[in-house]
Amino acid sequence: MASQAPLFMRIVAASVSVSNRAALIIRDIMKKGELGIVEKGKNDFQTEADRAAQRCIVASLHRQFPNVAIHGEENLDPTDSIPDDYIISELAQEVLDQQCPESLQNVKDEDIVIWVDPVDGTAEYTQGLLDHVTVLIGVAHK
């Protein structure tokens, strides 16, 4: 049962599920061809895929784990509305089926930080090189 799994494993399982949804969002934006590219700095780009995927990831994880610190690479307006289909609540069963390392079994919310790079490889993404792009969700603990 998912609710009995250690917090760390539930966070990893949620991260796997939401990263799959974010990947679909990223591909859909590429298919539409409306990348919405803005330059954050010299050779540092942000696209609509970055923004939409981060909204999906951060909103989904925050809804499931409201007391865990989550930091996204993109500076977004927290009042932006999030489409309902961006919110993922499923936990990847293949993760929950794994044994949690003993050192992580009793980790508490305040001991965890989640780092999100919604489109790792944005420059490659803007060139249409989807094989060079990943959704990056890092889970760190004290």
Side-chain angles (χ1 to χ4, degrees), residues 1-38 40-41 43-142:
M1 189 172 233
S3 63
Q4 295 175 346
L7 174 65
F8 192 84
M9 296 303 284
R10 287 184 282 128
I11 289 173
V12 172
S15 296
V16 169
S17 292
V18 76
S19 68
N20 288 327
R21 177 65 180 110
L24 291 174
I25 292 167
I26 292 164
R27 285 189 208 106
D28 286 347
I29 291 170
M30 176 63 74
K31 283 180 193 172
K32 291 177 186 171
E34 298 172 11
L35 301 186
I37 301 169
V38 295
K40 299 188 299 184
N43 296 320
D44 188 12
F45 302 100
Q46 182 189 82
T47 66
E48 180 55 31
D50 290 284
R51 296 183 291 274
Q54 181 166 305
R55 285 183 190 105
C56 167
I57 295 165
V58 171
S60 295
L61 293 176
H62 181 70
R63 186 165 293 177
Q64 292 183 63
F65 309 102
N67 298 318
V68 172
I70 304 170
H71 300 280
E73 179 181 7
E74 311 306 335
N75 291 324
L76 301 178
D77 184 344
T79 63
D80 284 347
S81 67
I82 311 292
D84 289 340
D85 66 330
Y86 278 25
I87 306 297
I88 301 300
S89 59
E90 293 83 22
L91 302 177
Q93 189 62 47
E94 65 271 21
V95 174
L96 297 175
D97 289 342
Q98 302 300 311
Q99 183 67 33
C100 181
E102 191 173 322
S103 63
L104 299 174
Q105 289 182 2
N106 296 310
V107 173
K108 304 211 178 328
D109 292 10
E110 60 270 14
D111 296 330
I112 294 178
V113 177
I114 300 172
W115 301 95
V116 178
D117 184 349
V119 179
D120 187 32
T122 300
E124 291 80 3
Y125 181 77
T126 63
Q127 298 169 32
L129 303 171
L130 279 175
D131 291 346
H132 298 266
V133 174
T134 60
V135 174
L136 178 64
I137 302 173
V139 182
H141 75 93
K142 285 184 184 179

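Since the model is a prediction, treat every value here as computed from it, not as a measurement. Index from 1, following the sequence.
- Atom CG of residue Asp97 and atom CE of residue Met9 lie 9.0 Å apart, to the nearest 0.5 angstrom.
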Under 3.5 Å, side-chain donor or acceptor atoms of residues 59-70 against the rest of the protein: list the pairs with distances, not counting sequence neighbours.
{"unit_1": "Ser60", "atom_1": "OG", "unit_2": "Cys56", "atom_2": "O", "d": "2.8"}
{"unit_1": "Ser60", "atom_1": "OG", "unit_2": "Tyr86", "atom_2": "O", "d": "3.1"}
{"unit_1": "Ser60", "atom_1": "OG", "unit_2": "Ile88", "atom_2": "N", "d": "2.8"}
{"unit_1": "Gln64", "atom_1": "NE2", "unit_2": "Ile88", "atom_2": "O", "d": "3.0"}

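- The distance from atom CG of Leu35 to atom CE of Met30, rounded to the nearest 0.5 Å, is 5.0 Å.
- Within the 3.5 Å criterion, the main-chain N or O of Ala14 finds no donor-acceptor partner in the side chain of Ser17.
- Pairs of residues two or more places apart, or lying in two chains, never qualify as ring pair (Phe, Tyr, Trp, His ring centres under 6.0 Å) while including a residue from residues 121-142.
- Under the 4.5 Å side-chain criterion, counting only non-hydrogen atoms from C-beta, Glu94 is in contact with Val16.
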Identify all side-chain donor-acceptor contacts of residues 107-122 below 3.5 Å with residues at least two apart in sequence or on another chain.
{"unit_1": "Thr122", "atom_1": "OG1", "unit_2": "Asp50", "atom_2": "OD1", "d": "2.9"}
{"unit_1": "Thr122", "atom_1": "OG1", "unit_2": "Asp50", "atom_2": "OD2", "d": "3.4"}
{"unit_1": "Thr122", "atom_1": "OG1", "unit_2": "Val119", "atom_2": "O", "d": "3.0"}

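- Summarising the geometry, atom CD1 belonging to Ile29 is positioned 12.0 Å from atom NZ belonging to Lys31; distances are rounded to the nearest 0.5 Å.
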| message | For a side-chain contact (heavy atoms from CB on, under 4.5 Å) check, start with the C-alpha distance between Glu34 and Glu48, then their side-chain angles and the critical distance, and finish with the verdict. | response | CA-CA 8 Å; Glu34 298 172 11; Glu48 180 55 31; over 6 Å; no
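- Taken from CZ in Arg51 to CD in Glu74, the straight-line distance is 8.0 Å, to the nearest 0.5 Å.
- In this structure, CG on Asn20 lies 11.0 Å from CD1 on Ile25, to the nearest 0.5 angstrom.
- Without hydrogens or angle criteria, Thr134 side chain to Leu136 main chain gives no donor-acceptor distance under 3.5 Å.
- Val135 and Ala23 get closest at one heavy-atom pair: CG2-N, 4.2 Å.
- For the atom pair Glu73 CD and Asn75 CG, the distance stands at 9.5 Å (nearest 0.5 Å).
- Without hydrogens or angle criteria, Arg21 side chain to Asp85 main chain gives a donor-acceptor distance under 3.5 Å.
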